[in-house]
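Scroll down for the structure; my scribbles are underneath it.
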Amino acid sequence: MDEKLLKLRHSLSHVMAEAVLKKFPDALLGIGPAIEEGFYYDFLLPRALTPEDLNEIEQEMRRIVKGNIKFVRKELSRAEARKAFKNQKFKLELIDELPEGETISTYTSDTFTDLCKGPHVESTKEIPANAFKLLEASGAYWRGDEKNPQLQRIYGTAFSSKNELDEYLKRLEEIKERDHRKLGKDLELFHLSDEIGAGLVLWMPKGAAVRMALEEYWKSAHFKAGYQVVYSPHIAKLDLWKTSHHWEFYRENMYSPMEIEGQDYELKPMNCPFHLQMYKMRKRSYRELPLRWAELGTVYRFERSGVLHGLMRVRGFTQDDAHIIVTPEQLESELVNILNLNLEILRTCGFSEYDIYLSTMPDHHVGTYENWEKATSALKSVLEKTNLPYKIDPGEGVFYGPKIDIKIKDTLGRAWQCTTIQVDFNLPEAFHITYVGEDGQEHQPIMLHRALMGSLERFFGVLIEHYKGAFPVWMAPVQARLIPVTDKQTEYCRRVVAELRDMGIRAELDDAPERMQKKIMTAQHEKVPYQLVVGEREAGQEQVAVRLRTNEDLGPMPLADFKRMIRRIIDERSASLK
RNA sequence: GCCCGAGUAGCUCAGUGGAAGAUCGCCUGCUUGGUAAGCAGGAAGUCGCGGGUCCGAUCCCCGCCUCGGGCUCCA
C-alpha cells in the first residue's frame, strides 16, 4: 500500500473513532490501524452495534470529513500521555508498553485526540468524502488474545477516488460469485450436511469426478518422479502417537481416543507414523534411499467450530502426502526434486504465481538447535539455488522441523496455502529408524514430509474459485453433453455417448422433454465445455455440431475429428477448449 | 470457543400474532423445436430444534443446533 493511501485510511480510522465517540461518549478505544484493504478501529461499547449504527457513524464521518479538519501532531512525555488518556485503560496499557526513550505522540483532529505515531493527512481536505465506506462490525479480542475482553471492531475501506472504491466493491461482488460454497451447491460438487457433522465433506458425483481426475494425474506425476504409493488405516493405537510426540505437541487438534478391547486407539491426524512403521518392517540399506512413499491419506483434526469454512477449513480431509527418507547428503537434491514436482503439478492445475514462505523454529519444539539450524539452512539454500523469491516466517515451523509453505495465487490474486514441505529430524529419532551405510554401520536418515496440493478438499475449493466452476476439460465433471435437436436423433446421440465413454470421456445425453435451446442453457449453467448438438444433418453424416461453453460455435464436424480434438485437449491437460 | 447476524418448499428469497407465498427446479400432459428459458396442469413446507407467553406463535421471549462475517488457529 502506498504512503498516501495509508495516511488516508489511517486518518479515516481516527475520523471514525470521533464519530463513534459522539454517539457513545463512554466508549473505550482499542487500536485503529490501516490494513491491506482498508482500516478498522476497535471499541468497547455499552451495547452491540447495529447496521443502522454503522450508517449513522458513516454519515457523521462524511460530515466531519467535509469540515476540512486539520490533523495536528503533538509530542508529549510519558507522564503527560498517561494523564491525557487516564480514562482510556487500553491506551494506558499501550503507553506503558512503549519502550523507554520512544517518542510518544498524539494526533488531534477536530474534537478527537488519539495516541498515535502517525502519519496522517494534513487535513480532511485530502479525503474524498465519496470514496470510503464502512463495511461491517464484528468481535475482536483486545490484542488478539481470547483471554482479554472482546471489543467491537468496525471495518471500513477507503480509496483515493470513488472509482477505485467502486472497483473494490465490484471485486467483493465477484468474490461472492466465485465462492466455492455457492458454486459447490449450484453445480452439485459437494455437500455439507448438518446430519453428518460440521467440517465433514460429502463429495457429490460431480465433485468426485474432478477429484478422480486430479488423483489420476497426481499418481502419474508421482510415478514418473520415482514415488511409490502406499495405503494406511485411519486409526492407530494411542501409544503410536505418544512415541511420535503428537500426543504431546498436537493434542489440541486430535480427537479423544476410543477404547477397543481395553486399548486406546486414536483417529489419525497425520500419516507419518504409519509410513515409519512401514520403513521399519525390515532393515534398510543406503542403496534404497531416497525412499519416496506417497499416500492420499485421510486425516482428522479437531478444528474449533468458528474456524470451519466450506472446503477450505474442515475436520476430515485427504492430504496428498508423501514421506521421503534420505541420507543427509541427499537432503538438498531431494528438496530440489520436490520443488520441481510441486511447481509442475501446480502449473498443470492452472497456478503459476506463488508466495513462498520459509518457517523457522517455533518456541515449542523438539530436537537440537544444531539440527534445526541444518534443516533451515538446507531449505534456504534450495530456495536460493532455484531462484525462488521467499519470505521468512519466524517461529512458524512445525514442532519437529522447519518448513517451506507455498501459497498459490488465484485469478483474483488471492493467496491460498496449499503446499507444505517439512524437514524432520525428530521422527527418525523418536522411532529409531536407521539405514545401513556404505561403511556397514547404522546411520540415522532424515525424513521429509510434503503435501503439494495440501489437502484435496482445500485444493478443490481453490480450484472451484479459481476457475469459477468452469474447470479445464481434463477435470470437468461432464466433458461433453449430447443435445439432440429432436427425439429422432436420440438413438444416434446414445451411440455417440457410448463411444465417447469407451474412450474414457465423461459424456452425457440430455434426453429431457425440452427444446434444444433450453438444453443449451442448462449445459451453459453447468459449464459443460463441449455441447454437441445433433440434428438430422449431423446424425445422418456421422457428425456432431460443437458448441463451446464460451459461446463459440465450431459448427458441424465429423465425429472422428471431435474425438481427436477432445482426446488431445484432455491428454495435454490443456486449459484451452480447441 | 468468543462477539454480531441469519435460519420459511430441493435452490434463491418474499411475508404475517388469526387459512403459508413467488421464481427456478421437480412430476404429468401437450408440443418435435437448429445454438442461452415452448404451453398447460400438478406435487412439494414440523416456517432449524426444544421450551415459554398468549384464546391462538412461523412471527414475541428463553435455551440449543447449524450456517454466515470477524477474532484466534491451520492443509
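Source: prediction; values computed, not measured. Chain naming here is simple, since letters A, B, ... match the order of the sequence lines and numbering starts at 1 in each.
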Atom CD of A:Glu216: over 12 foreign heavy atoms under 6.0 Å: no

Output a table of donor-acceptor pairs, distance under 3.5 Å, between side-chain atoms of residues 516-523 of chain A and any protein atom two or more places apart or on a different chain; print 'none' if there are none.
| unit_1 | atom_1 | unit_2 | atom_2 | d |
| --- | --- | --- | --- | --- |
| A:Lys519 | NZ | A:Asp510 | O | 2.9 |
| A:Lys519 | NZ | A:Ala512 | O | 2.9 |
| A:Thr522 | OG1 | A:Lys518 | O | 2.9 |

OP1, OP2 of [N] versus side-chain N and O of [X]: anything below 4.0 Å?
{"X": "A:Tyr530", "N": "B:rU35", "result": "no"}
{"X": "A:Arg181", "N": "B:rG69", "result": "yes"}
{"X": "A:His309", "N": "B:rC67", "result": "no"}
{"X": "A:Arg313", "N": "B:rC73", "result": "no"}

Side-chain H-bond candidate by donor/acceptor type, A:Glu136 with A:Ser138, under 3.5 Å: no

Donor + acceptor pair across side chains of A:Thr360, A:Glu396 (<3.5 Å): no

Could you tell me how far apart [X] ([atom1]) and [N] ([atom2]) are, to the nearest whole angstrom?
{"X": "A:Trp416", "N": "B:rA75", "atom1": "CH2", "atom2": "C1'", "result": "13 Å"}
{"X": "A:Phe317", "N": "B:rA75", "atom1": "CZ", "atom2": "C1'", "result": "5 Å"}
{"X": "A:Leu554", "N": "B:rG34", "atom1": "CG", "atom2": "P", "result": "21 Å"}
{"X": "A:Leu548", "N": "B:rU35", "atom1": "CG", "atom2": "P", "result": "16 Å"}
{"X": "A:Glu526", "N": "B:rA36", "atom1": "CD", "atom2": "P", "result": "16 Å"}
{"X": "A:Phe460", "N": "B:rA75", "atom1": "CZ", "atom2": "C1'", "result": "16 Å"}
{"X": "A:Leu308", "N": "B:rG69", "atom1": "CG", "atom2": "P", "result": "12 Å"}

Write down the distance separating the [atom1] atoms in [N] and [M], rounded off to the nearest Å.
{"N": "B:rG1", "M": "B:rG17", "atom1": "P", "answer": "34 Å"}
{"N": "B:rA44", "M": "B:rG10", "atom1": "C1'", "answer": "9 Å"}
{"N": "B:rC64", "M": "B:rG21", "atom1": "P", "answer": "34 Å"}
{"N": "B:rG48", "M": "B:rA9", "atom1": "P", "answer": "8 Å"}
{"N": "B:rA20", "M": "B:rU58", "atom1": "C1'", "answer": "8 Å"}
{"N": "B:rC2", "M": "B:rG15", "atom1": "P", "answer": "31 Å"}

Dot-bracket encoding per residue of RNA chain B, Watson-Crick/G-U cut-off under 3.5 Å, | denoting interstrand: (((((((..(.((....[..)).).(((((.......))))).....(((((..]....))))))))))))....

Pair of N/O donor and acceptor under 3.5 Å linking B:rG34 base with A:Glu538 side chain: yes

Distance-only donor-acceptor test (3.5 Å): side chain A:Gln422, base B:rA75: no

All N/O donor-acceptor pairs, side-chain side in residues 475-485 of chain A, below 3.5 Å, sequence neighbours left out:
| unit_1 | atom_1 | unit_2 | atom_2 | d |
| --- | --- | --- | --- | --- |
| A:Gln479 | OE1 | A:Arg506 | N | 2.7 |
| A:Gln479 | NE2 | A:Val473 | O | 2.9 |
| A:Arg481 | NE | A:Glu508 | OE1 | 3.3 |
| A:Arg481 | NH1 | A:Glu526 | OE1 | 3.4 |
| A:Arg481 | NH2 | A:Glu508 | OE1 | 2.9 |
| A:Arg481 | NH2 | A:Glu526 | OE1 | 2.7 |

Between N or O atoms, less than 3.5 Å apart, protein on one side and nucleotides 23-26 of chain B on the other: list the pairs.
| unit_1 | atom_1 | unit_2 | atom_2 | d |
| --- | --- | --- | --- | --- |
| B:rG25 | OP1 | A:Lys518 | NZ | 3.1 |

Counterpart residues, side-chain contact (heavy atoms from CB on, under 4.5 Å), relative to A:Ile235 (two or more places apart): A:Met258, A:Ile260, A:Tyr265, A:Leu267

Letter per nucleotide, 5' to 3', of nucleotides 1-6 of chain B [B base touched, S only sugar-phosphate touched, - untouched; heavy atoms, 4.0 Å]: BBBS--

Parallel, tilted or perpendicular, as decided by the 30° and 60° cut-offs, for the rings of A:Tyr400 and A:His449: parallel

Partner set under ring-ring contact (aromatic ring centres under 6.0 Å, His included) for A:Tyr492, not counting sequence neighbours: none

A:Tyr168: partners by ring-ring contact (aromatic ring centres under 6.0 Å, His included), with sequence neighbours left out: A:Phe159

Atom pairs, protein N/O to nucleotides 11-14 of chain B N/O, distance under 3.5 Å:
| unit_1 | atom_1 | unit_2 | atom_2 | d |
| --- | --- | --- | --- | --- |
| B:rU12 | OP1 | A:Lys185 | NZ | 3.3 |

Toward the 5' end of RNA chain B, by each residue's nearest nucleotide, A:Asn551 or A:Gly144: A:Asn551

Closest-nucleotide ordering on RNA chain B, the 5'-leading residue of A:Asp145 and A:Val533: A:Val533

Among A:Arg181, A:Lys176, A:Lys182, salt bridge (charged side-chain N to carboxylate O under 4.0 Å, His left out) partner for A:Asp179: A:Arg181

Consider the side chain of [X], meaning its heavy atoms from C-beta on, and name the nucleotide among [options] that approaches it most closely.
{"X": "A:Ser455", "options": "B:rU35, B:rA75, B:rG33", "value": "B:rA75"}
{"X": "A:Gln524", "options": "B:rG34, B:rU35, B:rA36", "value": "B:rA36"}
{"X": "A:Lys403", "options": "B:rG69, B:rA75, B:rG33", "value": "B:rA75"}
{"X": "A:Gln517", "options": "B:rA75, B:rU32, B:rA36", "value": "B:rA36"}
{"X": "A:Ala198", "options": "B:rG34, B:rC67, B:rA75", "value": "B:rC67"}

Within residues 345-361 of chain A: residues closer than 4.0 Å to RNA chain B (heavy atoms): none

By side chain to side chain donor-acceptor pair (under 3.5 Å) - contacts of A:Ser13 (at least two apart): none

Identify every side-chain donor-acceptor pair in residues 347-354 of chain A under 3.5 Å, counting partners at least two apart or on other chains, and give the distances.
| unit_1 | atom_1 | unit_2 | atom_2 | d |
| --- | --- | --- | --- | --- |
| A:Thr348 | OG1 | A:Tyr217 | OH | 2.9 |
| A:Thr348 | OG1 | A:Glu344 | O | 2.8 |
| A:Tyr354 | OH | A:Phe351 | O | 3.2 |

Residue that, paired with A:Phe90, satisfies side-chain contact (heavy atoms from CB on, under 4.5 Å) out of A:Leu44, A:Ile31, A:Leu29: A:Leu44

